[in-house]
Protein chains: 2
Amino acid sequence: MSSVEATDKRDAILKTALALFTERGFYGTPTAMISREAGVATGTLFFYFKTKEDLIDTLYRQIKSQAAAALREGVDREPTVQVKIRKVGENALAWATTRPDEFRFMEQFAHSPFVSTTAHEEGMSHFLFLEELVRDGVREGTLRECDTGLLCSVLASSLSGLTARIMESPDPGQRALLARQGLSFIWNGIAAHPDGESCGGTHKITTTKKRSR
Amino acid sequence: MSSVEATDKRDAILKTALALFTERGFYGTPTAMISREAGVATGTLFFYFKTKEDLIDTLYRQIKSQAAAALREGVDREPTVQVKIRKVGENALAWATTRPDEFRFMEQFAHSPFVSTTAHEEGMSHFLFLEELVRDGVREGTLRECDTGLLCSVLASSLSGLTARIMESPDPGQRALLARQGLSFIWNGIAAHPDGESCGGTHKITTTKKRSR
DNA sequence: GTATAAATTGACTGGTCAGTCAATATGTCT
DNA sequence: AGACATATTGACTGACCAGTCAATTTATAC
C-alpha cells in the first residue's frame, strides 16, 4: 500500500505511449498497439488509465512538470536576474536535447485539443516561477519595461524555436555555437537598452498597467 | 469554361473543415460531420478529396501559401532590410488577427504527423523569401552575423509567440502596444549591435549594471 | 431533341478500436 | 491454511467512421 512507484508496468505504458505518440500522433496510435509494444495486456492499460484520454492527460502533465523542474534546476542559486534567465535558457536547451521525445511531444501537443483544458492549465502553473523571474527583472530594470506576459510568451516561443533549430544539427560543436547565438538573440531582445530606442520609432511605453482577465 | 472557382461546394467543405479541425482536432472530426455542416452529402466530400488526409493536406497547403503571400505583401516596395522585416512582422500580426482560425490551424498542425511530409515541405518553400531577406540583412551588416537558419527559426517562432499573446487581449489599443513592444523585442534580437559582440565568440556579458536609484 | 460527361446524393459496408468483463494470478495479512 | 485485495490477462463487443457505389441530377456538346 505504501504505493510509491507502484508497478513498472504503468511506467512501461507511459514510456511506450510517449514514443508512439510523438512518432504517430494520438490518432494513429491504437491503445492495443501501446499495450502490445509495452508488453502488457489491453486490460492492464485500462486498469491504470480509465480512458485513452486519461493516459494522454497523465503523460502531458508528467512531462510538463518534469520540464518545468528541469528549467528551474539551479536557478535559485544564481545571483542576478540576468544569469538566472540565462541559466533557464541553458537548462531548456539541455532538457530538450537530452530528451528529444519529450520535447517533440510538448511541441506537438502544446496546442492540441486532445489534451484537456484542465491539463493545459495545470501545465502552465508549473511555469509561474518564470513569470515571477521576468517580473523581478523588469522591476529592477534589467529587463525592458513591458508587459510581463508578452516577455514570457516571446521568451518561451523563441526558446522553443531555437531548440528546434538546434536539434536539426547533429554536430555538438555546431550546436553549442547555435545555442550561444540563440541565447544572445533572446537576451538582446529582452534586455533593457540604455539608449532606449529600438525599432518602433516613437515607442511610447506608457504602460497602462491593466491586468485583463 | 472560364472555370474560376469551380464549385463553391468544395470551398464550403474546406471552410467548414477548417473551423471544425481547429476546434475539435482532426481526430475528433468525422468526415460525416464536415459534410453535414457544410451542407453537402458524404459522397461529395470524397468526390473533391480522395481521402480525409487529402482534405487535410489541401487545407494545410492552401493556408500556408495564403499566409506566405500575406507576409510578403508590399515588402518588395520597402527600401531597407530593416523596414522590410518590420513590414513582414506587421503583416504577420495583421494576418493572424484577421484570420484567427487559420492562425490557430497553423499553430496546431505545424508539427502534426497528420500532415504529410510533402505538404510540410511544400509549405516551407513558400517562406524561402524570408530566408533570402535575412541573408541580405546579414550580408549588408544590418543583421547580426550568425546562422541564417537560426535567425529565421527564431524570428518565426518569436512572431508566432507574440501573435498568440496578442490574440489573448481583445482591446485594440492594448494589442497595438503589445505589437510595438513585441516587434521591438524581435528587432533587438536580430539587429546587429554597434558595440560589436553580436553572438559568436566569447560573449562575456559582464554588464555589471549596478542599479542606481 | 439525344448523347456524354461532370456533379451530387445517401444508404450501406468492412474494418478498426476504445473499453468491458469474467477468469486467473499474485500478493498480503492472520 | 483460508480470506481478501490488488494486478493481469485477452477474447469479445458495440459503436463509430472512412470510404464505396449504384442511382440520380445537372451541365455541356452536338
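A, B, ... follow the sequence lines: proteins, then strands. Residue 1 opens every chain.
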Which is it for Arg165(B) and Ser157(A) under the side-chain hydrogen bond (donor to acceptor under 3.5 Å, both in side chains) test, yes or no, and what are the steps along the way? CA-CA 10 Å; Arg165(B) 172 66 189 84; Ser157(A) 59; over 6 Å; no

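The separation between Arg10(A) atom CZ and dT6(D) atom C1' is 15 Å, rounded to whole Å. Atoms NZ (Lys50(A)) and C1' (dG19(C)) sit 12 Å apart, rounded to a whole Å. Look at OH on Tyr27(B): it is 15 Å from P on dT16(C), rounded to the nearest Å. A straight line from CG of Asp11(A) to P of dT8(D) spans 12 Å, rounded to a whole angstrom. Distance, Phe47(B) CZ to dA27(D) P: 14 Å, rounded to whole Å.
Within the structure, ring pair (Phe, Tyr, Trp, His ring centres under 6.0 Å) contacts touching residues 88-109 of chain B (residues at least two apart or in different chains) are Phe26(B)-Phe109(B), Phe105(B)-Phe109(B).
Residues passing the side-chain hydrogen bond (donor to acceptor under 3.5 Å, both in side chains) test with His126(A): none are found, sequence neighbours excluded. Listed by chain and number, the residues in a side-chain hydrogen bond (donor to acceptor under 3.5 Å, both in side chains) with Thr51(A) amount to none (sequence neighbours excluded). Partners of Glu107(A) under the side-chain hydrogen bond (donor to acceptor under 3.5 Å, both in side chains) rule, at least two apart in sequence or in another chain, are His111(B).
Remark: Tyr48(B) is in phosphate contact with dT8(C), judged by side-chain N or O atoms under 4.0 Å from OP1 or OP2. Applying the 4.0 Å criterion to OP1 and OP2 of dA18(C), one finds that Thr31(A) has a side-chain N or O inside that range.
Nearest to the side-chain atoms of Pro30(B) among the listed nucleotides dC17(C), dC17(D), dA7(C) stands dC17(D). Closest approach to the Lys9(B) side chain among dT9(C), dC17(D), dT8(D) is made by dT9(C) (side chain taken as heavy atoms from C-beta onward).
With contacts defined as side-chain heavy-atom distances shorter than 4.5 Å, the pair Tyr48(B)/Asp54(B) does not qualify. When side chains are defined from C-beta on, Phe49(B) does not count as touching Thr44(B), because their heavy atoms never get closer than 4.5 Å.
Between the side chains of Thr142(B) and Glu140(B), at least one donor N or O sits under 3.5 Å from an acceptor N or O.
Shown for residues 32-46 of chain A: residues whose heavy atoms fall under 4.0 angstrom of DNA chain D, namely Val40(A), Ala41(A), Thr42(A), Gly43(A), Thr44(A). For the segment residues 51-62 of chain A, residues with any heavy atom less than 4.0 angstrom from an atom of DNA chain C are, sorted by number, Thr51(A), Lys52(A).
Note: Leu183(B) CG to Ile85(B) CD1 = 11.5 Å, rounded to the nearest 0.5 Å.
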